[in-house]
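Read through the structure below, which is laid out as structure tokens, and then see the notes.
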Number of protein chains: 2
Amino acid sequence: MTSLTDLAKLSGFSKATVSRALSGNGYVSFEARKIIQDLANELDYTPNAIAQELAFGTTKNIGVVLPYVKHPFFSQILEGILDKSFETGYKIVILPSNYDQNLELQYLEQLRKKAFEALIFTSRKISEETVLNYQKYGPIILCHNPKSKTISASYAEREIGYRDAFQWLKKQNCTNVGFLFSRYKSPTTSVTLQTYTETYQQMVRPEQIKTGAVFSTDGYKLGPELTQFDSIFANSDDIAANVWCWFEENKLPKPIIIGQEALIAGKLLKLPSVDNHFLQIGRLAFELAISKEIKQLAIKSEFILHR
Amino acid sequence: MTSLTDLAKLSGFSKATVSRALSGNGYVSFEARKIIQDLANELDYTPNAIAQELAFGTTKNIGVVLPYVKHPFFSQILEGILDKSFETGYKIVILPSNYDQNLELQYLEQLRKKAFEALIFTSRKISEETVLNYQKYGPIILCHNPKSKTISASYAEREIGYRDAFQWLKKQNCTNVGFLFSRYKSPTTSVTLQTYTETYQQMVRPEQIKTGAVFSTDGYKLGPELTQFDSIFANSDDIAANVWCWFEENKLPKPIIIGQEALIAGKLLKLPSVDNHFLQIGRLAFELAISKEIKQLAIKSEFILHR
DNA sequence: GTGAAAGCGCTAACAA
DNA sequence: TTGTTAGCGCTTTCAC
């Protein structure tokens, strides 16, 4: 491991000159530059990234907190983030959370320690208030509609897509919609139920709500609990497809099934779907992370019927 | 931003004592420790991660080179890697490559610069030789069967699963198999063709090979080129499902379609599939990355018929 | 054009 | 138990 100091000693120039010669900042004579560069090549020298970061006072790391990786929601956002990060020289560090508050807090602490320049929460369990308190250590971006207006966010404005979906369900004379969620309490859950209530002008009964739908196969597992409904509003196409599959295998008449994210599995079965444009949301989240402004960007969801 | 130096000055103790008091390494009197800790809390002090890394001489970063993110192959490996990294305190940095050799080289250079402690290539385009040359800068793990035995790898031993699949195809009297690949030249491509040749005892004709199958929808796009075959061997379930879909929509008789990775889309359509166990491969790749040994681990693929 | 020196923030060996 | 000192590797200001 040759260091800049080594080069300085061996070449006879000072560390400053060597640094200038190699970085291209500041004046160095042609001869000196040539000597130093040749020596650097010969000794297989390369500047140490950590030392540079310390001297510059900043890593080019952005942390992305993801509850799960395979979930379409998160993998789409991630893809959007990578899309954009790519051109900028920032590194994306994946921080798996599994909705563990302690973990989420650890990641916030790492932001404080300057392990990251910014943090993107694709979702969170920890209180919004706690997150707000960490903003002083660096930009934090949320991927849902925050209560506070003083934190950056890029999120799906789901109301529009949901409203269109529910109106369509209404037109199909569905009166008993079953809902599939990952968690009982979450921004997604509440916005779904609220939009339903507004569209249908009636409250959702507790029996209509089924939780624990996280991975594709959960749709299959939950099948037995869904026979009473005339329609199902699932939280992703993959899960919707699994529900479909359960009914098919049990030779039961299928309810109308609506998915989300416009994925391949849903397309195959021609299930209606709400596309929340998470790719775009990820892209915007990254841009917010490297910008100095605090802004909130809403992306309108879209109900897709025939694909 | 309070630094350790600030704490030292304000508390009247030396930097060394402050460091010891806060890190817990070495002897510090109760009183001193209390004073320092209180002051640290009061001033909202936290050690700077970059400075620590420099002092320790190492980041806890592992870079993972991924050509694409949404591809099932890569997202499964990634999930396996995260699975394991999770318990260890290592951070996983995603490095999108899109099979760009320059990019891949840049990532190797970053390893050299100590931006990462180890590098995992889930796939690569750059020559194996080049990669070998960078091993002196840190552990590098490949996710395919390398020619050289002096580099670590965790990979799918696809032969077994492929052989079973081709034997089964043979039993179904398929004589004209179409192959879907992402790239024409790749380790996957060659092992597939070779296993086929061995099982069928005949060469693959160039017309049997279709490339450019990367994303799910590519299966649909390639549909028109596949009508001549009595069976299709696709490079993933998602792509296989899309092929299925194209035939269905065009009301054409379907060939036998075999997918890979045992994904939901394939399960829905009851397509046979070769499960390459990429999750496990990812887990092992991570363990190799943090171990000091050079080892090669092969995971046997599995042909799955009825799911 | 070049170099000395200070600084980035922390750790650790060695004395005291 | 605590402080002194050197060091991690690089950047940058400011004289010369």
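No experiment lies behind these values; they were computed from the predicted model shown. By convention in this document, chain letters (A, B, ...) are assigned in the order of the sequence lines, proteins followed by strands, and residues within each chain are numbered from 1.
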Residues from residues 20-40 of chain A lying under 4.0 Å of DNA chain C - heavy atoms: A/Arg20, A/Tyr27, A/Val28, A/Ser29, A/Ala32
Any chance you could list the contact pattern along nucleotides 5-10 of chain D? Use B for base contacts, S for sugar-phosphate-only contacts and - for none, protein heavy atoms under 4.0 Å, 5' to 3'. ---BBB
Give a yes or no answer on whether the side chain of B/Arg112 reaches the backbone of B/Lys136 with a donor-acceptor pair at less than 3.5 Å. no
Could you check B/Tyr107 against B/Phe121 for ring pair (Phe, Tyr, Trp, His ring centres under 6.0 Å), going step by step and ending with a plain yes or no? CA-CA 10 Å; B/Tyr107 297 142; B/Phe121 275 87; 8.0 Å; no
Take atom CD of B/Glu87 as the centre, draw a 6.0 Å sphere, and report whether it contains more than 12 heavy atoms from other residues, nucleotides or ligands. yes
Please determine if B/Glu287 and B/Lys84 form a salt bridge, counting it only when a charged side-chain N lies under 4.0 Å from a carboxylate O. yes
Is A/Ser14 close enough to C/dG3 that one of its side-chain N or O atoms is under 4.0 Å from OP1 or OP2 there? yes
For B/Leu288, run the side-chain contact (heavy atoms from CB on, under 4.5 Å) check against B/Ile141, B/Ile140, B/Ile294 and tell me which one passes. B/Ile141
Just checking, is any N or O donor in the side chain of A/Gln110 or B/Lys91 under 3.5 Å from an acceptor N or O on the other one? no
What is the separation between atom NZ on A/Lys113 and atom C1' on C/dT11, rounded to the nearest whole Å? 13 Å
A/Glu53 CD - C/dG9 C1' separation (whole Å): 14 Å
A/Thr189 side chain to A/Tyr184 side chain, donor-acceptor N/O pair below 3.5 angstrom: no
Does the pair A/Glu31/A/Lys34 count as a salt bridge with the N-to-O cut at 4.0 Å? no
